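Right, one structure below, let's go through it.
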Amino acid sequence: MKREYELSLVIRVDSNEEVMNDVVTEVKGWVEVDESSAVTKIDRWGRRKLAYEIDRQRDGYYVIMQAEIEPTSIDELERNLKLSNSILRYLLIRPD
């Protein structure tokens, strides 16, 4: 049974926009690991100043994804997000 989730990402800023697009595509692939899960909306907030320095980064590229995900695949998604060097922070929640 799919559930609605919202995934917020702060991506490490590179000078190349193409690299950040590749990271977003990679995360989308992790969410859509099986045919029952799907990303329904992607909002790119763009480059923003961080409230505090993370891994010597002062700015981050913010992306918000809304998706329908199988709860059984959440653990693998979070493991991939934690291991990625391109992602500074993430937050996965179920909206009300």
Side-chain angles (χ1 to χ4, degrees):
M1 180 170 114
K2 294 187 289 187
R3 293 186 177 167
E4 290 285 326
Y5 287 92
E6 185 175 285
L7 176 62
S8 304
L9 302 169
V10 180
I11 300 172
R12 183 179 302 276
V13 174
D14 284 328
S15 58
N16 191 354
E17 185 78 22
E18 213 172 284
V19 173
M20 287 183 274
N21 289 334
D22 290 343
V23 172
V24 172
T25 304
E26 183 179 34
V27 172
K28 183 179 176 186
W30 292 339
V31 171
E32 296 175 340
V33 72
D34 57 357
E35 57 276 346
S36 62
S37 299
V39 173
T40 57
K41 185 177 179 184
I42 299 176
D43 288 330
R44 296 170 188 253
W45 286 11
R47 186 178 183 151
R48 305 261 175 135
K49 187 171 180 76
L50 299 174
Y52 54 90
E53 189 174 298
I54 303 170
D55 291 339
R56 298 186 188 136
Q57 296 283 312
R58 294 303 241 155
D59 294 335
Y61 189 82
Y62 285 75
V63 177
I64 310 295
M65 290 184 181
Q66 294 177 355
E68 294 178 349
I69 306 172
E70 281 290 331
T72 57
S73 62
I74 294 294
D75 290 337
E76 183 179 348
L77 173 62
E78 287 190 328
R79 185 179 63 81
N80 288 333
L81 291 169
K82 285 179 189 174
L83 293 176
S84 175
N85 291 330
S86 301
I87 298 173
L88 297 173
R89 292 286 188 269
Y90 75 91
L91 178 65
L92 182 65
I93 61 170
R94 285 190 51 206
D96 291 334

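Nothing here was measured: the structure is a model prediction, and the numbers come from that model.
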| Going hydrophobic residue to hydrophobic residue with side-chain gaps under 4.5 angstrom, can you get from Tyr62 over to Tyr52? | yes

| said: Under the side-chain contact (heavy atoms from CB on, under 4.5 Å) test against Val13, which residue among Asp59, Leu88, Val19 passes? | reply: Asp59

| query | Is there a side-chain contact between Ile54 and Val10 (heavy atoms, below 4.5 Å)? | reply | no

| query | Side chains of Val27 and Leu7: does their closest heavy-atom pair fall under 4.5 Å? | reply | yes

| field | Gap separating the OH atom of Tyr61 from the CE atom of Met20, nearest 0.5 angstrom | value | 6.5 Å

| remark: With sequence neighbours left out, the residues meeting side-chain hydrogen bond (donor to acceptor under 3.5 Å, both in side chains) with Arg3 are none

| Gln57 side, atom CD; Lys49 side, atom NZ - distance, nearest 0.5 Å | 12.0 Å

| request: Mind listing the closest non-hydrogen atom pair of Ile69 and Ser73 along with its distance? | output: CG2-OG, 3.4 Å

Side-chain donor-acceptor contacts of residues 28-37 below 3.5 Å, not counting sequence neighbours, with atom names and distances?
residue: Glu32; atom: OE2; partner: Val39; partner atom: N; Å: 3.1
residue: Asp34; atom: OD1; partner: Ser37; partner atom: N; Å: 3.4
residue: Asp34; atom: OD1; partner: Ser37; partner atom: OG; Å: 3.0
residue: Asp34; atom: OD2; partner: Ser36; partner atom: OG; Å: 3.1
residue: Ser37; atom: OG; partner: Glu70; partner atom: N; Å: 3.3

| query | Does the side chain of Val63 come within less than 4.5 Å of Tyr90's, by heavy atoms? | reply | no

| Take atom CD in Glu53; do more than 12 heavy atoms of anything else shown fall under 6.0 Å from it? | yes

| query | Within a strict 4.5 Å, meaning less than it, do heavy atoms of the Arg44 and Val24 side chains meet? | reply | yes

| said: Quick check on side-chain contact (heavy atoms from CB on, under 4.5 Å): which of Leu91, Asp43, Ile42 does Ile64 satisfy it with? | reply: Asp43

With a 3.5 Å cut-off and sequence neighbours excluded, list the donor-acceptor pairs that the side chains of residues 74-85 form with protein atoms.
residue: Asn80; atom: ND2; partner: Glu76; partner atom: O; Å: 3.4
residue: Ser84; atom: OG; partner: Ser86; partner atom: N; Å: 3.3

| field | Straight-line distance of Gln66 CD to Lys41 NZ, nearest 0.5 Å | value | 5.5 Å

